[in-house]
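Okay, structure first, notes after.
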Amino acid sequence: MAGGPGETVLVTGANGQIGTELVLALQERYGTDSVIASDLCEPSDLQGPFEICDVLDRGRLEEIVDDHGVTIIYHLAALLSATGEKNPELCERVNIGGLANVLELAKERGCRVYSPSSIAVFGPDCPKRAMQDSPLNPTTTYGATKVTGEDMAKYYWDAHGVDVRGIRYPGLISWKAPPGGGTTDYAVEVFHHALNYGSYTCFVRSETVLPMMYMDDAIRATLELMDAPSDSLGPSRACYNLAGFSFAAGELVAAIGERVEGFECTFKPDVRQKYADSWPNEIDDTVARDDWNWKPEFSMEEMVDEMLANLS
Ligand code: NAD
Ligand code: SER
């Protein structure tokens, strides 16, 4: 196992969809006081240390790492696809510039780093089932920043020995915190609308199939990858494909309809349809399974039951 109690962990972008849950999981493992959550503004309810930190402020990052003796950085601060395409310049600055600051600091201070990537690294020329080594030609700025991020992580490992690991997360479905402006947000919004209003207008077509994962599996995968012995990880150490399940938006709506009486959904695609259409339908995660024994636990049906039980 790489790392354990005795570590001090910094989480950037900790108020987001993943950070909200990852901080809790890390606190359980390392102790509440050893997990430093950080973001652009104070969270509403967090037990444990918190620091305001814009990842573009290199000096502030340095101060936090030095003050707390940080040994591992989970770098989650980013702009997601829908928000990123509205402001591509800021998306590039935060997603690439923020990571550059984290990697340089990690090199100087000897920190390990977790830096997530995304299925958005793939583009229209990718096969419907994306393999680990399928071509990376994204048509979104967000996807391009993630490809650059993977390259940067690889460079810091190859050239400087900085232990950077990462996963190409599918669309993540969760109930504790809202999603932060991605294309896959419909798969979370639909639950809230079904329970609160009995109806939803979905912004992608019914037949749109995307790779998705329940948050519990994503958090477990993140911790398992960070726990894996370094020498078990191959060249994909910072960009592992990861699969949970894939479904068409209409299939998710039908599964919710079977459980929420009277639920109705209409489909009104907007610009996010284009981003969804540019991504693969399925992910092949054989390399993650082989390198660090990854295996998902939640099926789509189990995810739907969990989401409805927790949000009801
Ligand atoms: P999110 O949008 O929910 O949270 C991101 C957080 O980063 C927000 O709290 C935001 O305030 C913060 N942030 C933005 N700019 C910042 C800055 N300059 N300095 C500091 N903080 C800043 O995102 P998330 O879903 O939690 O995603 C976390 C990471 O996982 C991102 O790298 C994202 O690309 C990746 N990812 C997420 C998904 C998903 O479905 N949620 C899928 C694939 C990859
Ligand atoms: N879920 C993310 C998004 O839709 C994919 O990285 O932006």
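Start at 1 and go down the list; that is how both ligands and their atoms are numbered.
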The one among D57, I18, V121 that brings a heavy atom closest to atom 24 (P) of ligand 1: I18
Is it the case that one hydrophobic cluster holds both W175 and F245, taking links as side-chain heavy atoms less than 4.5 Å apart, direct or via other members? yes
Any idea which atoms of ligand 1 are less than 4.0 Å away from a heavy-atom of A78? 5 (C), 7 (O), 14 (C), 31 (C), 32 (O)
Among protein heavy atoms, which lies nearest atom 40 (O) of ligand 1, and at what distance? L172 N, 2.9 Å
Closest by any non-hydrogen atom to atom 33 (C) of ligand 1: pick that one out of Y169, Y142, Y114. Y142
Under 4.0 Å, counting heavy atoms only: does Y142 come that close to any atom of ligand 2? yes
Write out the residue and atom name of the closest protein heavy atom to atom 19 (N) of ligand 1, then the distance separating them to 0.1 Å. V55 N, 3.0 Å
Relative to the heavy atoms of D39, which atoms of ligand 1 are at a distance of less than 4.0 Å? 6 (C), 8 (C), 9 (O), 10 (C), 11 (O), 12 (C), 21 (N)
Checking a contact table here: which protein heavy atom is nearest atom 28 (C) of ligand 1, and how many Å away? L76 O, 3.3 Å
If we number the atoms of ligand 1 from 1 as shown, the ones under 4.0 Å from a heavy atom of G171 are 40 (O)
If you define the side chain from C-beta out and look only at heavy atoms, does anything of Q17 sit under 4.5 Å from V188? yes
To the nearest 0.1 Å, how far is atom 1 (N) of ligand 2 from its closest protein heavy atom, and which atom is that? T184 OG1, 2.7 Å
Under 4.0 Å between a Lys/Arg side-chain N and an Asp/Glu carboxylate O for E85 and R272? no
Measuring centre to centre across the rings, with the benzene-like ring taken for any Trp, is W292 within less than 6.0 Å of Y240? yes
Taking C-beta and beyond as the side chain, do D216 and E297 meet within less than 4.5 Å on heavy atoms? no
Quick check on the hydrophobic clustering: are Y214 and L210 connected, directly or via other members, by side-chain heavy-atom contacts under 4.5 Å? yes
Can you tell me if T12 has a non-hydrogen atom under 4.0 Å from ligand 1? no
Nearest-contact summary for atom 23 (O) of ligand 1 - protein heavy atom, Å: L80 CD1, 3.2 Å
Might you point out which heavy atoms bring A153 and V164 nearest each other, and give the distance in Å? CB-CG1, 3.7 Å
May I ask you to list the atoms of ligand 1 that are less than 4.0 angstrom from any heavy atom of C53? 19 (N), 20 (C)
For atom 4 (O) of ligand 2, the protein heavy atom that lies nearest, with its residue and separation: T183 N, 2.7 Å
Give me the residue, atom name and distance of the protein heavy atom closest to atom 16 (C) of ligand 1. L40 CD1, 3.6 Å
Flag S118 as yes when one of its N or O atoms lies below 3.5 Å from any N or O atom of ligand 2, and as no otherwise. yes
Note the single closest protein heavy atom to atom 7 (O) of ligand 2, along with its residue, its atom name and the distance in Å. S81 OG, 2.6 Å
Would you say M215 and L311 are hydrophobically clustered, going by side-chain heavy atoms of ILVMFWY under 4.5 Å? no
Starting from atom 3 (O) of ligand 1, find the nearest protein heavy-atom neighbour and note its residue, name and distance. Q17 N, 2.8 Å
Would you please classify the geometry between the Y114 ring and the Y74 ring as parallel, tilted or perpendicular, with 30° and 60° separating the classes? tilted
Before accepting this row, confirm whether a basic side-chain N of the pair E224/R165 lies closer than 4.0 Å to the acidic partner's carboxylate O. no
Pick from S38, A77, C91, P179: the one approaching atom 22 (C) of ligand 1 most closely through a non-hydrogen atom: A77
Ligand 1 atoms nearer than 4.0 angstrom to some heavy atom of N15 are 9 (O)
At what distance is the nearest protein heavy atom to atom 4 (O) of ligand 1, and which residue and atom is it? G16 CA, 3.3 Å
Of the backbone atoms (N, CA, C, O) and the side-chain heavy atoms from C-beta on, which set of S117 has a member under 4.0 Å from an atom of ligand 1: side chain, backbone, both, or neither? backbone
Scanning both residues in full, the closest heavy-atom pair of V55 with L61 reads O-CD1, 3.7 Å
Please determine if R58 and E62 form a salt bridge, counting it only when a charged side-chain N lies under 4.0 Å from a carboxylate O. yes
Any chance the rings of Y155 and H160 have centres within less than 6.0 Å? yes
Is W279 close to ligand 2, meaning an N/O of one under 3.5 Å from an N/O of the other? no
Those residues that, when tested against E51, pass salt bridge (charged side-chain N to carboxylate O under 4.0 Å, His left out) (two or more places apart): R60
Is atom CD of E302 surrounded by more than 12 heavy atoms (other residues, nucleotides or ligands) closer than 6.0 Å? yes
From atom 42 (C) of ligand 1, work out which of G182, P170, P43 has a heavy atom at the shortest distance. P170
Using 4.0 Å as the upper bound for N to carboxylate O, is an ion pair formed by D291 and R237? no
Which atoms of ligand 1 sit under 4.0 Å from any heavy atom of K146? 31 (C), 32 (O), 33 (C), 34 (O)
Location of contacts on Y169 toward ligand 2, heavy atoms closer than 4.0 Å: neither
For P116, atoms of ligand 1 separated by under 4.0 Å from a heavy atom: 29 (C), 30 (O), 32 (O)
Around atom 18 (N) of ligand 1, find the nearest protein heavy atom and jot down its residue, atom name and distance. D54 OD1, 3.0 Å
